[in-house]
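Residue numbers count from 1 along this sequence.
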Amino acid sequence: MPEQHDVVDVLTTDHHVVRNLFEGYRATTDPDQRRQLVDRMTVEVVRHSVAEETYLYPTVRKALPNGDRIADEEIEELTEAERILSDLDAVDPRDRRFDPLVRDLMDVVTMHIRGEEDLVFPELRERLTPEERMMLGLRVGEATAAAQGVPPVSPEGPGPGRTLADRVRERLTGRTR
């Protein structure tokens with residue numbers, strides 16, 4: 001059972017994890033390490049996306065002024081990040097296209113993080129009770145627990161057209177995007 005924490009704290013921790021993965025990527029030139037880091041980014045970003053789509057954004061739509069617009073914009077950024085991750089899944093880290101794709105991913109995810117930390121999270125702290133934020137945090141924590149142990153490569157291989165992002169999403173939701 002996940003511990004209960006304020007949803008803002010839980011999601012901010014997610015952001016730190018992804019930023020650290022970005023730093024690890026920047027710090028190495030080893031193609032195998034870069035692949036491993038991108039695979040971990042994939043699991044973290046997709047898990048974060050599913051948790052936000054399922055729990056955070058329905059609340060944002062109801063609780064924040066312009067909540068529908070804000071949620072739609074944030075979901076669009078996450079969808080773009082997952083598209084880039086799916087593209088990266090098919091590219092060897094030694095390929096000249098790999099690094100620019102990772103930079104694109106970093107740009108999109110960084111923009112998403114800024115939007116949440118600068119706009120969404122302060123509004124949630126203002127408009128939701130601590131109990132409501134704790135309940136959301138618990139639900140997001142459950143999504144984190146469900147994503148634990150998703151293997152980067154399934155024993156039978158990815159399957160036709162199935163990327164790591166697809167497998168993580170399927171594990172969490174039972175369906176692909």
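Ring orientation note: the planes of Y25 and F98 are tilted relative to one another, at an angle of 30° to 60°. Using cut-offs of 30° and 60° on the angle between ring planes, the pair H15 and H48 is tilted.
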Practice task
Walk me through it: do R61 and D72 pass the test side-chain contact (heavy atoms from CB on, under 4.5 Å)?
Solution key: CA-CA 9 Å; R61 288 180 191 286; D72 290 344; 2.7 Å; yes
Practice task
Take R94 and D32 through the salt bridge (charged side-chain N to carboxylate O under 4.0 Å, His left out) test and state the conclusion after the steps.
Solution key: CA-CA 9 Å; R94 292 161 191 84; D32 293 331; 3.4 Å; yes
Handout entry: Candidate pair L101 and L105, rule side-chain contact (heavy atoms from CB on, under 4.5 Å), full reasoning
Key = CA-CA 6 Å; L101 280 170; L105 173 69; over 6 Å; no
Problem - Evaluation steps, salt bridge (charged side-chain N to carboxylate O under 4.0 Å, His left out), between E23 and R19 - result: CA-CA 6 Å; E23 288 306 314; R19 284 180 179 128; over 6 Å; no
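Following chains of ILVMFWY side-chain contacts shorter than 4.5 Å, one cannot reach L21 starting from V43, and the two form parts of different hydrophobic clusters. Linking Ile, Leu, Val, Met, Phe, Trp and Tyr whenever their side-chain heavy atoms come within less than 4.5 Å leaves M111 and I113 in two separate clusters. M41 and L78 fall into different hydrophobic clusters, where Ile, Leu, Val, Met, Phe, Trp and Tyr are joined by side-chain heavy atoms under 4.5 Å apart, directly or via other members. Linking ILVMFWY side-chain heavy atoms closer than 4.5 Å, directly or via other members, places V108 and L119 in two distinct hydrophobic clusters. Residues V46 and V38 do not share a hydrophobic cluster, defined by chaining ILVMFWY side chains whose heavy atoms lie under 4.5 Å apart.
Here the CD-CD distance, from E80 to E77, works out to 9.5 Å after rounding to the nearest 0.5 Å. The distance from the CZ atom of R40 to the CG atom of N20 is 9.0 Å, given to the nearest 0.5 Å. Separation of atoms CZ (R103) and CE (M106) is listed at 9.0 Å; rounding is to 0.5 Å.
In this structure, the side chains of T79 and I75 come closer than 4.5 Å at one or more pairs of heavy atoms. The closest side-chain heavy-atom distance from D87 to R83 is below 4.5 Å. Between D89 and T42, every side-chain heavy-atom pair lies at or beyond the 4.5 Å cut-off. A 4.5 Å side-chain heavy-atom check between V168 and L164 finds at least one atom pair inside the cut-off. Considering only heavy atoms from C-beta on, E116 comes within 4.5 Å of L56 through its side chain. Side-chain contact between V60 and R69 is absent, with no heavy atoms from C-beta onward closer than 4.5 Å. Using a 4.5 Å heavy-atom cutoff, the side chains of E117 and L11 are not in contact.
Residue A81 comes nearest to V109 through the heavy atom pair CB-CG2, 3.9 Å, listed as atom of the first residue, atom of the second, then distance. When all heavy atoms are compared, the tightest approach of R34 to T29 is NE-CA, 4.0 Å. The shortest heavy-atom contact between P65 and I70 is O-CD1, 3.6 Å. The two residues L88 and R35 make their nearest non-hydrogen contact at O-NH2, 2.9 Å. When all heavy atoms of E52 and P58 are compared, the closest pair comes out as O-CD, 4.0 Å. Closest heavy-atom contact between L124 and R133: O-CD, 3.8 Å.
Ion pair R125/D9 flagged as a salt bridge, since at least one NZ, NE, NH1 or NH2 atom sits closer than 4.0 Å to an Asp/Glu carboxylate oxygen. We find that E44 and R47 are joined by a salt bridge, their nearest charged nitrogen and carboxylate oxygen being less than 4.0 Å apart. R167 and E170 are not joined by a salt bridge, as no carboxylate oxygen comes within less than 4.0 angstrom of a charged side-chain nitrogen. Classification of R26 and D99 as a salt-bridged pair fails, no side-chain N sitting under 4.0 Å from a carboxylate O.
Under the 3.5 Å distance criterion, the side-chain polar atoms of D166 are matched with a main-chain donor or acceptor of T163. A donor-acceptor pair is defined here as one N or O able to donate and one able to accept, closer than 3.5 Å; such a pair exists between the side chain of T59 and the backbone of Y55.
Annotation for R96: atom CZ does not count as buried by contact number, only 12 or fewer foreign heavy atoms lying within 6.0 Å.
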